[in-house]
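Step one of this worksheet: look at the structure below.
All heavy atoms count here, side chains included; hydrogens, waters and symmetry mates do not. By convention in this document, chain letters (A, B, ...) are assigned in the order of the sequence lines, proteins followed by strands, and residues within each chain are numbered from 1. These figures come from a predicted structure and were not determined experimentally.
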Protein chains: 2
Amino acid sequence: MSKSLTDPSPTQTVACCSPLASEPLSADSAERIAPVLKALADPVRLRLLSLVASHADGEACVCDLNDAFDLSQPTISHHLKVLHEVGLLGRSKRGVWVYYRVQPQALADLGALIGGVAR
Amino acid sequence: MSKSLTDPSPTQTVACCSPLASEPLSADSAERIAPVLKALADPVRLRLLSLVASHADGEACVCDLNDAFDLSQPTISHHLKVLHEVGLLGRSKRGVWVYYRVQPQALADLGALIGGVAR
DNA sequence: TGCATGCATCGATCATCATCTATGTCAGGA
DNA sequence: TCCTGACATAGATGATGATCGATGCATGCA
């Protein structure tokens, strides 16, 4: 409710755990990881994240993102919020515009957790 | 409806795409990837996959998995079916028992897609 | 000060999902 | 042949989620 606009990691990342296949996941860890995956598990959010990640300077304005979808502005805003809340996207406001950028470490941690690459 | 019990990859895996952060994901790719992530994005299914993956011989009997959760047998069966349908778990029946095993390549592909490791 | 623009929040709606109980199916043993 | 045990399927229900239109809140400009 009182989060700073520039807060880089609103929630904990997934850097907590060894890869899925290396040892049984605790119930607690699973409860912590699932929301991050759930945030990613939507076609629109996947494309949003990918768009932001591959944008010049690694960040993108909401106005640009809106135009890439046939969805209402509130819907895009909602999806960006979901990605921001789990720590996959950072957010900064400059003037009237809001820019989102990926958090590379969060993405790398998640990839390692799933792919089994040593942490 | 007519899937073989031993079918190793009921659906396409995620080996289709370059990493999320390397270029904007197409709408089609996103629609294909999201269901796999959605299958993973549940605490119970995360633990199930992890349990199977870290089990001796890389496979586990449903009876063992049931005992690890405070959930009904049909619920566990449902979750296993979800993981199987997206190609994350393989399945084989021996006698009265059914064994599930991870599909390492599917997991690796997914990890690379997210983590950005070159495919 | 007043207005337009960029984005977030609110409240509603329809769809999807996790879970349950009940039941079906199939294999093995008495 | 009948029964038991292992697992899947069916149908119902309460919860969560994706989306929208309406509205609120800043910022910058005239």
Side-chain angles (χ1 to χ4, degrees), chain A residues 1-7 10 27 30-31 34-49 51-52 59-86 89-101, chain B residues 1-7 10 27 30-31 34-49 51-52 59-86 89-101:
Chain A
M1 210 65 89
S2 61
K3 275 185 198 317
S4 157
L5 257 184
T6 57
D7 182 359
E31 297 281 351
V36 183
L37 284 167
K38 195 165 291 186
L40 256 189
D42 179 278
V44 175
R45 289 197 290 266
L46 271 174
R47 291 179 60 200
L48 275 172
L49 193 80
L51 264 177
V52 172
E59 63 179 12
C61 172
V62 175
C63 50
D64 298 330
L65 300 173
N66 275 325
D67 296 344
F69 297 85
D70 271 343
L71 292 172
S72 68
Q73 175 265 321
T75 298
I76 299 297
S77 183
H78 160 72
H79 285 306
L80 289 169
K81 181 183 181 183
V82 170
L83 288 169
H84 175 61
E85 281 176 344
V86 300
L89 282 185
R91 180 205 236 168
S92 57
K93 184 168 186 174
R94 291 202 297 275
V96 184
W97 295 278
V98 173
Y99 294 84
Y100 284 88
R101 62 186 179 288
Chain B
M1 210 63 92
S2 61
K3 273 187 199 318
S4 157
L5 256 184
T6 56
D7 183 358
E31 297 281 352
V36 182
L37 284 167
K38 194 165 292 187
L40 255 190
D42 179 279
V44 174
R45 290 197 288 266
L46 271 175
R47 291 179 60 201
L48 277 172
L49 193 79
L51 265 176
V52 171
E59 63 179 11
C61 171
V62 175
C63 50
D64 297 332
L65 301 173
N66 274 325
D67 296 345
F69 297 85
D70 271 343
L71 292 171
S72 68
Q73 174 266 320
T75 298
I76 298 297
S77 183
H78 160 72
H79 285 307
L80 289 169
K81 181 183 182 183
V82 171
L83 288 169
H84 177 243
E85 282 176 343
V86 299
L89 282 185
R91 180 206 237 165
S92 57
K93 186 166 185 175
R94 291 202 295 275
V96 184
W97 294 278
V98 173
Y99 292 84
Y100 283 89
R101 62 187 179 285

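Spacing between atom CG of Leu65(B) and atom C1' of dA8(D) amounts to 15 Å, rounded to whole angstrom units. Note: NE2 (His84(B)) to P (dC7(D)) measures 15 Å, nearest angstrom. Look at CZ on Arg45(B): it is 16 Å from P on dT16(C), rounded to the nearest Å. Residue Leu40(A) contributes atom CG, which lies 16 Å from atom C1' of dG17(D) at whole-angstrom precision. As rounded to whole Å, 11 Å separates atom C1' of dG6(C) from atom OH of Tyr99(A). We find that CG of Asp70(A) is positioned 12 Å from P of dT19(D), with the value rounded to whole Å. The nearest whole Å value for the distance from the CH2 atom in Trp97(A) to the P atom in dA8(C) is 14 Å. Rounding to whole angstrom units, CG of residue Leu48(A) and P of dC7(C) are separated by 13 Å.
Each of Arg94(A) and Ile76(A) was assigned the nucleotide of DNA chain D with the nearest heavy atom; the assignment lying further toward the 5' end belongs to Ile76(A). Annotation: of the two residues near DNA chain C, Lys81(A) and Val96(A), the 5′-most nearest-nucleotide partner is Val96(A). Remark on DNA chain D: of its neighbouring residues Leu80(B) and Lys38(A), the 5'-side contact belongs to Leu80(B), judged by nearest-heavy-atom nucleotide. Place Cys63(A) and Gly95(B) on DNA chain C by their nearest nucleotides, and Cys63(A) ends up nearer the 5' end.
The phosphate of dC20(C) has OP1 or OP2 within less than 4.0 Å of a side-chain N or O from Ser72(B). Phosphate proximity of dC7(C) to Arg91(A): absent, as no side-chain N or O sits under 4.0 Å from OP1 or OP2. The side chain of His79(A) contributes no N or O atom lying less than 4.0 Å from OP1 or OP2 of dG17(D). For His78(B), no side-chain nitrogen or oxygen approaches OP1 or OP2 of dA8(D) to under 4.0 Å. Within the structure, every side-chain polar atom (N or O) of Ser77(B) is placed at least 4.0 Å from both OP1 and OP2 of dC7(D).
Here the closest non-hydrogen pair linking Arg45(A) and Lys38(A) is NH2-O, 3.3 Å. Scanning both residues, Ser72(B) and Thr75(B), for their nearest heavy atoms gives OG-OG1, 2.9 Å. Across all their heavy atoms, Ala39(B) and Val86(B) have their closest contact at CB-CG2, 3.6 Å.
Considering only side-chain atoms of Val98(B), the nucleotide from dA8(C), dT19(C), dA8(D) that sits closest is dA8(D). The side chain of Lys93(A) has dT27(D) as its nearest neighbour among dT27(D), dA22(D), dC20(C).
Among the protein residues, Asn66(B) comes within range of no part of the nucleic acid, since none of its heavy atoms lies under 4.0 Å from any strand. Residue Tyr100(B) is classed as a sugar-phosphate contact, given heavy-atom separations below 4.0 Å to backbone atoms only.
A distance of 7.5 Å separates CH2 of Trp97(A) from SG of Cys61(A), quoted to the nearest 0.5 Å.
Taking 4.0 Å as the cut-off between side-chain N and carboxylate O, Arg47(A) and Glu31(B) do not count as a salt-bridged pair. The pair Glu59(B)-Arg94(B) meets the salt-bridge criterion, since a charged nitrogen lies less than 4.0 angstrom from a carboxylate oxygen.
You'll find a donor-acceptor pair under 3.5 Å spanning the side chain of Gln73(B) and the base of dA8(D), going by distance alone.
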